[in-house]
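Counting starts at 1 for both ligands and their atoms, following the listed order.
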Amino acid sequence: MEIINYTEEHHQFRKRLQGFLEKEVTPFAEQWEQDRIVPRSIWSKMGQAGFLCTDVPPQYGGLGGDFFYSVIVAEELSKTPQSGLAATLHSDIVVPYIAKFGSEELKQKYLPGCVSGEIVTALAMTEPDAGSDLAGIKTAAVEEGDQVVIDGSKTFISNGILADLVVVAARDPAIDDPYQALSLYVVESDTPGFSRGRHLEKMGMWSQDTAELFFTKCRIPIQNRLGEKGVGFLQLMEKLQPERLVCAVAAIAGAERILEWTMDHCKNTTVSGKALSKSQAVQFALVEMAADVKIGRTFVDKLVADHAEGNNVVIETSMAKFWTTDLLNRVANQALDLCGDFGMLEKCPMVRAWRDAKVTTIFAGTNEIMKGIVAKFMGM
Ligand SMILES: Cc1cc2nc3c(=O)[nH]c(=O)nc-3n(C[C@H](O)[C@H](O)[C@H](O)COP(=O)(O)OP(=O)(O)OC[C@H]3O[C@@H](n4cnc5c(N)ncnc54)[C@H](O)[C@@H]3O)c2cc1C
C-alpha cells in the first residue's frame, strides 16, 4: 500500500517534470559541471514551466500546491546526474521566508519573480566564525529611521553567485542576547554595499555556485525586514525543519538512483565470463543496499505524510536528515566499490554521485547537530 496518496494531478505533474528534466537538464549536466555553475536560462525555463515555488498562492503567480509538489520536485531533481540546480533551496527553503514572514508589499514585489525564475534567491546565515552555532552570527543590522545598514560577511552561500535576492540573518549589535538580536532581511543584489566574494571550489556539487557575500554599509529599506525585529532566530528554527525534511527526501531519492544504476551495472558487467550480479557476495551487497533504501523510503514517506497533515515531526525530521544522508553516503560508497577500477574514472557516473553525497551530511545542519536535537527532545 502506498503511504502517500498522490492524486492524478500529482502524477501528471511528475510526468511533465520528468519530461522537462530529461530535455532541459540531463543533457547539460556535464557542461554545468565543467562550468561550475548552471546557466541563468535554466531558472527561467523551470519557472515558466511551473516547477518553481509550487506552493506560492496563485495571486502571486504560483500553483498554490501542497507539500507533495515540493516532494516531487526534490525527488525528480535528485534523479538527474547533477546537483547544481538548487531549485529546492530556492522554492522550499528561501522563498518560504518571504511568503510566510514578508509584508504584503514584499510578497507582491518579489514572489511573482521567484515563481517565474526571474529572481533567484539565496539564504545567508553562515559566517566564517558561525556555522552550526547561529548564536555566533556577527553580521550587524543597525536600524536607522526608515533604513537598515548591514555590515558583515557570509560564506558558503548556495546560489551565492546567481542570486538576485538574499535573505540575510543579521543581528542588532546593541542587543547582547543572540536569541533576541537576530532578524532576517531581504537584500537585493544590486544594492550598493553588497558584493560577492570568491566562488568557492568545492570537492563535490561542482555545478552549484557556492560563494562568499559581503555587506559594507549596505543600506536597505526597513520594509525589507521579514516580520518583527528580533524574531529571526525563531523564524530560522521554524523553517529549518521543512528544509531538513526536503534534504531527507532528496537523499532517499538519490540513494534509489544509485541503487538502480548499480544493479544495472552489476547485471551488465562480466567477470570471468559471468555477470557480476551472479556472484553471491555481490548479490548480498546489493540486497543490503536495497533493504536500507527500502526502509529509508518507507520512513521518509511516512514522515512526509505526517508533515503534510500538520503533525509535529521535529524528532523524526532530525532523525531522517542524519539517517538518510548517512545512508546516501553508504550506498554511494558501496556503489563505487562494486565498480572496481571503473569507479576510479571520472566518466563513471557514481564518482560524481559519491562526491556530491558528502556535503549532504554537513549542510542544513550537520548530522551531529541533528543528533543533538533528537537527544534534547528525548529529554537527555
Ligand atoms: C556546499 C555547501 C553549501 C552551503 N550552503 C549554505 C547556504 O546556502 N546558506 C548558509 O547559510 N550556509 C550554507 N552552508 C553552510 C552550512 O550550513 C555549514 O557548513 C553548517 O551549518 C556547519 O557549519 P560549519 O561548517 O561552520 O561547521 P562547524 O559548526 O564549525 O562544525 C564543525 C564540526 O563540529 C561539529 N559540531 C559543531 N557543533 C557541535 C555540537 N554542538 N555538537 C556536536 N558536534 C558539533 C559539526 O557537526 C562538524 O562536524 C553550506 C555549506 C556547504 C558545504
Listed partners of K358 passing side chain to side chain donor-acceptor pair (under 3.5 Å), at least two apart: T361
Between the protein and ligand 1, which nitrogen or oxygen pairs come in under 3.5 Å, and how far apart is each?
residue, atom, partner, partner atom, Å
ligand 1, 5 (N), F156, O, 2.9
ligand 1, 5 (N), S158, OG, 2.8
ligand 1, 8 (O), S158, N, 3.0
ligand 1, 8 (O), S158, OG, 3.3
ligand 1, 9 (N), L123, O, 2.8
ligand 1, 11 (O), M125, N, 2.9
ligand 1, 11 (O), T126, N, 2.9
ligand 1, 11 (O), T126, OG1, 3.1
ligand 1, 12 (N), T126, OG1, 2.6
ligand 1, 14 (N), F156, O, 3.2
ligand 1, 23 (O), S132, N, 3.3
ligand 1, 29 (O), S132, N, 3.0
ligand 1, 29 (O), S132, OG, 2.6
ligand 1, 47 (O), T366, OG1, 2.6
ligand 1, 47 (O), E368, OE1, 2.6
ligand 1, 49 (O), E368, OE1, 3.4

Between SG on residue C266 and CG on residue L338, distance to nearest 0.5 Å: 4.5 Å
Pairs where residues 327-336 contributes a residue and the test salt bridge (charged side-chain N to carboxylate O under 4.0 Å, His left out) is met, not counting sequence neighbours: D292-R330
Qualifying residue for side chain to side chain contact (heavy atoms under 4.5 Å, CB included) with T121, from I93, V166, L89, V94: V94
Counterpart residues, salt bridge (Lys or Arg N to Asp or Glu O under 4.0 Å), relative to D164 (two or more places apart): R40
NZ (K371) with more than 12 external heavy atoms under 6.0 Å: yes
